[in-house]
Amino acid sequence: MLALVDVNSFYASCEQVFRPDLRGKPVVVLSNNDGCVIAASPEAKALGLPMWRPAFESLPLLKQHGAAVFSSNYPLYGDMSRRVMETLATLTPALEVYSIDEAFLHMPDTASDLYAYGRHIRERVRQWTGLPVGVGVAPTKALAKAANRAAKRGGGDQICVIADERARIDCLRNMDVADIWGIGKRIAARLRHRGVHTAWDFTQLSDDWVRRELTVTGLRLKRELEGAPQAKLEIDPPAKKMIGTAKSFGTNLSDKTLIREALAWYVAETGEKLRRQNRLAGYLTVFLETNRFRPDDPQYVNQTGLRLPVPTSDTPELSRHALLAFERIFRPGYRYKKVGIWLSDLTVPRAVQQNLFDPPAHRDRSGTLMRVVDRVNRRYGKATLRTASAGFRREQWKLRQEHLSPRYTTRIDELLEVRS
DNA sequence: TCTGGGGTCCTAGGACCC
DNA sequence: TCTGGGGTCCTAGGACCC
């Protein structure tokens with residue numbers, strides 16, 4: 001049996017751990033750039049705020065009810081996530097970290113009472129991290145997801161076990177087709193059109209139809225909901241296939257050199273991620289877009305890719321190519337909202353095909369330089385050392401974060417203070 | 001004024017190879 | 001009248017996840 005454990009209102013709960021005064025109160029967390037509400041404590045959800053609504057539309061109501069509002073604080077959430085996962089690892093022989101706030105785990109053979117073990121998981125995570133979790137238990141991943149959702153719906157002790165046919169059918173009958181893991185808005189609409197309204201209805205479709213209309217992905221999903229596992233836990237996270245950075249600007253930009261600076265900055269961030277994972281990139285994609293929420297503005301979206309002469313993780317080299325790619329797609333006269341870079345065709349350093357005209361000695365020096373840059377930046381702060389192309393005008397494009405909480409758990413100068 | 005970021009998988013078509 | 005078979009690489013689009 002598998003369990004899917006996830007943290008309730010994860011980002012909002014993280015803020016509450018370090019702000020006891022906010023427990024039991026409406027708390028929301030905004031997306032990057034303070035754009036949308038993306039997490040809400042139960043009290044905030046009770047105000048009827050849909051997620052993903054622009055913050056400026058929801059803020060008046062939030063203010064009226066005295067809600068606390070936070071910008072996303074990823075250093076904090078990332079570290080709290082690590083603590084949750086380390087706690088869960090003590091409770092299972094096998095753990096798959098599925099997302100920042102979710103994990104699949106094998107129930108230990110010794111857990112004879114699955115429900116009681118679910119409660120044990122909840123209590124330990126609460127005690128060790130301060131965070132509330134829900135637990136769904138079932139024989140397959142998709143069913144564990146469904147059970148987890150039912151646990152939330154129940155409103156009781158946040159645990160749901162699907163251990164027999166009756167429980168499985170009952171859970172699927174009470175589940176909207178759009179809530180199935182892997183069924184999004186588009187497919188849900190198509191299914192509804194065919195009279196499929198619940199997860200149970202979905203499992204009653206013919207295999208042929210599902211295969212034809214929803215590809216093998218849909219068929220696998222159907223099998224999982226029928227109780228036949230199609231995927232095992234991924235205990236060692238598979239290597240990434242793409243690494244990238246793409247962020248909206250604090251305001252729309254027309255100035256080409258400012259956009260170039262932002263791109264160079266993102267390239268440096270991406271290069272650092274690449275080196276941390278000990279990978280080299282063979283292919284690079286740059287893209288650029290205007291603000292699609294401004295239909296009255298002229299719209300332009302484009303992207304272009306290029307193969308790197310030799311796979312690399314050297315920031316100056318990546319920057320050079322990224323800026324060349326940028327030149328191919330930039331058009332003056334638009335107000336741009338976002339620029340981004342994706343690196344793909346990732347390989348490990350010892351698998352590289354060398355270039356006759358660019359001997360390894362040269363590359364060893366780049367490796368040494370990048371190691372120094374990364375160490376300096378880790379110690380003295382992001383982009384303390386950077387390429388000149390990243391410039392000195394970040395204030396003009398950096399994202400908005402007006403409600404940022406301290407990095408309580410990762411910065412010594414931002415520790416929580418307690419006064420008696 | 002203000003609408004996220006980072007990923008994955010699948011399919012299809014075109015260009016090109018021998 | 002009739003015009004191959006087996007591939008790779010790249011791009012683009014669609015759909016999904018948290």
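In this text, all values refer to a predicted model and were calculated from it rather than measured experimentally.
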Considering only [options], which nucleotide approaches the side chain of [X] most closely?
X: A/N32; options: B/dG5, B/dT3, C/dT11; value: B/dG5
X: A/Y74; options: C/dT11, C/dC17, B/dG4; value: B/dG4
X: A/T217; options: C/dC18, B/dC10, B/dG6; value: B/dC10
X: A/R307; options: B/dG5, C/dC10, B/dT3; value: C/dC10
X: A/T215; options: B/dG6, B/dT11, C/dC17; value: B/dT11

Item checked: Nearest-Å distance once atom P is located in both C/dC17 and B/dT3 ->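 Per the computed distance, 25 Å lies between those P atoms.
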Can you pull every protein N or O that's under 3.5 Å from an N or O on nucleotides 13-15 of chain C?
unit_1	atom_1	unit_2	atom_2	d
C/dA15	OP2	A/R186	NH1	2.6

Check: Would you call A/E224 and A/K141 a salt bridge, using N to O less than 4.0 angstrom?
Finding: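 No, no charged N to carboxylate O under 4.0 Å.
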Check: Salt bridge check: are A/R190 and A/E213 linked by an N-O gap of less than 4.0 Å?
Finding: yes
Check: With centres under 5.5 Å and planes under 30°, do A/W52 and B/dG4 count as stacked?
Finding: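 Taking the rule of under 5.5 Å and under 30°, the ring of A/W52 does stack on B/dG4.
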Donor-acceptor pair between [X] and [Y] side chains, under 3.5 angstrom:
X: A/N377; Y: A/E272; value: no
X: A/S99; Y: A/D101; value: yes
X: A/E226; Y: A/T203; value: no

Note to self: Can you tell me if A/K240 touches the phosphate of B/dG6, counting only side-chain N or O atoms and a distance under 4.0 Å to OP1 or OP2?
What the structure shows: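 Indeed not, no polar side-chain atom of A/K240 lies that close.
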Margin query: Check this for me: A/E395, atom CD, are more than 12 non-hydrogen atoms of other residues, nucleotides or ligands nearer than 6.0 Å?
Written below: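 Open.
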